[in-house]
There are 2 protein chains.
Amino acid sequence: MYKREEIVRALEQSGLRITSQRFCTMEYLLRRDVHSTADEIFHAINKSDPRASRATVYNSLNALSRAGLVREISIDGKAALFDSNLRRHHHFVCDHCGVVEDVPWFDAPKAVRHSLGARTVREFEVMLRGSCENCKKKEKPSC
Amino acid sequence: MYKREEIVRALEQSGLRITSQRFCTMEYLLRRDVHSTADEIFHAINKSDPRASRATVYNSLNALSRAGLVREISIDGKAALFDSNLRRHHHFVCDHCGVVEDVPWFDAPKAVRHSLGARTVREFEVMLRGSCENCKKKEKPSC
DNA sequence: GTCCCTGCAAACGGTTTGCACCCGG
DNA sequence: CCGGGTGCAAACCGTTTGCAGGGAC
């Protein structure tokens with residue numbers, strides 16, 4: 001579980017002012033195990049503090065993102081998802097329910113680097129698409 | 001070069017009515033070697049037929065996309081790009097100029113499939129990010 | 001006390017939709 | 001002639017921005 005001071009320390013180390021909004025946003029992302037949209041975060045924060053605004057959630061997320069404390073992922077033109085998992089990883093997207101799950105990191109095959117000619121590659125991002133465990137069960141009720 | 005009848009045939013085979021807008025949209029995409037946004041396509045078509053509307057370009061692109069004649073790619077929440085290259089391939093995105101280039105297809109390493117547990121994988125999509133050839137030259141003017 | 005952050009509302013860019021008219025089959 | 005496509009404008013949705021006031025350091 002994430003303690004208050006851990007979050008404060010993470011924000012401090014990134015040189016960000018510790019404000020209520022940033023703290024709450026960071027806390028929310030760390031406590032969830034699934035990726036969240038800005039809107040979900042806004043509603044959660046807004047429930048405990050009705051004065052909190054959507055714009056500030058966006059601003060906070062951008063600040064956290066620039067500071068490298070969260071990662072923004074955008075898939076298929078839908079609302080951006082925010083991810084507090086900073087370990088290298090890839091993503092799996094379910095075609096049916098749309099859930100986005102983390103999958104373990106693997107590097108690009110060596111041969112690929114050669115096919116890229118004069119380009120420099122800094123990042124390797126993979127997206128797998130298919131049926132998640134739950135949707136697969138539903139597809140085949142029995143046999 | 002793509003001949004008029006080839007495009008007509010492709011549309012026919014997909015069971016789509018052959019209308020001026022769909023033909024022009026398809027032609028435009030086939031003739032370009034880079035991916036285009038709906039807006040670019042709209043402006044190109046609008047130049048020769050000032051009555052053409054943005055909405056119809058979107059509708060046509062959606063129809064072509066549903067029919068499997070073009071592929072829609074959305075990257076980083078920016079305007080969608082449309083791609084008439086139907087061969088399997090991956091994408092390279094330049095961090096500096098934003099250009100999106102096709103790179104040769106390669107399959108996921110076998111080990112990856114095992115790490116996915118009960119999920120079924122239908123598609124494997126890779127995005128490489130870095131500096132394209134042009135931007136790399138500019139980065140290092142000399143030494 | 002100084003900036004930076006916040007909240008609000010308005011603006012924004014990309015895309016979709018409702019509707020009346022039009023055209024391909 | 002019928003059904004679907006088209007053009008237009010307005011709606012939509014996620015996100016950003018300008019501004020005035022407030023809070024962190």
Side-chain angles (χ1 to χ4, degrees), chain A residues 4 7-26 35-67 69-70 72-82 98 100, chain B residues 4-5 7-27 35-67 69-70 72-82 98 100:
Chain A
R4 183 173 189 82
I7 301 175
V8 170
R9 208 175 314 129
L11 291 168
E12 266 169 0
Q13 284 173 2
S14 306
L16 292 173
R17 272 196 198 174
I18 294 132
T19 65
S20 158
Q21 284 267 32
R22 289 183 183 164
F23 179 84
C24 292
T25 301
M26 196 66 215
H35 310 306
S36 316
T37 62
D39 207 59
E40 279 160 21
I41 300 169
F42 164 65
H43 280 110
I45 293 182
N46 194 255
K47 209 178 283 178
S48 48
D49 173 8
R51 281 182 36 78
S53 84
R54 192 175 257 100
T56 306
V57 171
Y58 278 102
N59 289 337
S60 302
L61 285 167
N62 287 339
L64 293 171
S65 182
R66 256 178 274 120
L69 293 176
V70 306
E72 181 172 351
I73 49 193
S74 44
I75 295 176
D76 298 338
K78 293 204 281 286
L81 297 174
F82 294 85
V100 178
Chain B
R4 183 173 187 84
E5 313 97 60
I7 300 174
V8 169
R9 209 175 313 128
L11 291 168
E12 265 170 359
Q13 283 174 2
S14 306
L16 291 174
R17 268 197 202 174
I18 294 132
T19 66
S20 157
Q21 285 267 30
R22 286 181 185 166
F23 179 84
C24 293
T25 302
M26 197 65 215
E27 190 183 35
H35 311 307
S36 315
T37 62
D39 207 59
E40 280 160 20
I41 300 167
F42 165 65
H43 280 112
I45 293 182
N46 193 254
K47 208 178 284 179
S48 49
D49 174 7
R51 281 184 37 77
S53 83
R54 190 174 258 100
T56 306
V57 171
Y58 277 103
N59 289 337
S60 302
L61 285 168
N62 286 339
L64 293 172
S65 180
R66 255 177 275 120
L69 294 177
V70 305
E72 182 174 350
I73 49 192
S74 43
I75 295 178
D76 297 339
K78 293 203 282 284
L81 297 174
F82 294 86
V100 178

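Naming: A, B, ... by sequence-line order, numbering from 1 per chain.
Of the candidate nucleotides C:dG14, D:dT15, D:dT6, D:dT6 has the atom nearest to the side chain of B:Ser60. Listed nucleotides D:dT16, D:dT6, C:dG7 differ in distance to A:Tyr58; the shortest reach to its side chain belongs to D:dT16. Nearest nucleotide to the side chain of A:Arg51, out of C:dG7, D:dG7, D:dT15: C:dG7. Here the nucleotide nearest the side chain of B:Arg17, chosen from C:dG7, C:dG25, D:dG7, is C:dG25. Of all nucleotides listed (D:dT17, C:dG7, D:dG5), D:dT17 comes nearest to the side chain of A:Asn59. For B:Thr56, the listed nucleotide lying nearest its side chain is D:dT6; candidates were D:dT6, D:dT15, D:dG5. Taking every side-chain heavy atom of A:Ala55 into account, D:dT17 is the closest of C:dG14, D:dT17, D:dG14.
Listed pair B:Thr19 / D:dT6 meets the phosphate criterion, a side-chain N or O lying under 4.0 Å from OP1 or OP2. For the OP1/OP2 pair of C:dC23 and a distance below 4.0 Å, the side-chain nitrogens and oxygens of B:Gln21 include no atom meeting the criterion.
Of the two residues near DNA chain C, B:Ile18 and A:Arg22, the one whose nearest nucleotide lies more 5' is A:Arg22.
A distance-only check finds a donor-acceptor pair linking the side chain of A:Asp49 to the backbone of A:Arg51 [under 3.5 Å]. In this structure, the side chain of B:Thr56 does not engage the main chain of B:Ala52 through any donor-acceptor pair within 3.5 Å.
Counting to the nearest Å, the P atom of C:dG7 and the CZ atom of A:Phe42 are 10 Å from each other. Distance NZ (A:Lys78) to C1' (C:dG14): 16 Å, rounded to an integer number of Å.
Proximity of A:His43 to A:Lys47: side-chain heavy atoms (C-beta onward) are nowhere separated by under 4.5 Å.
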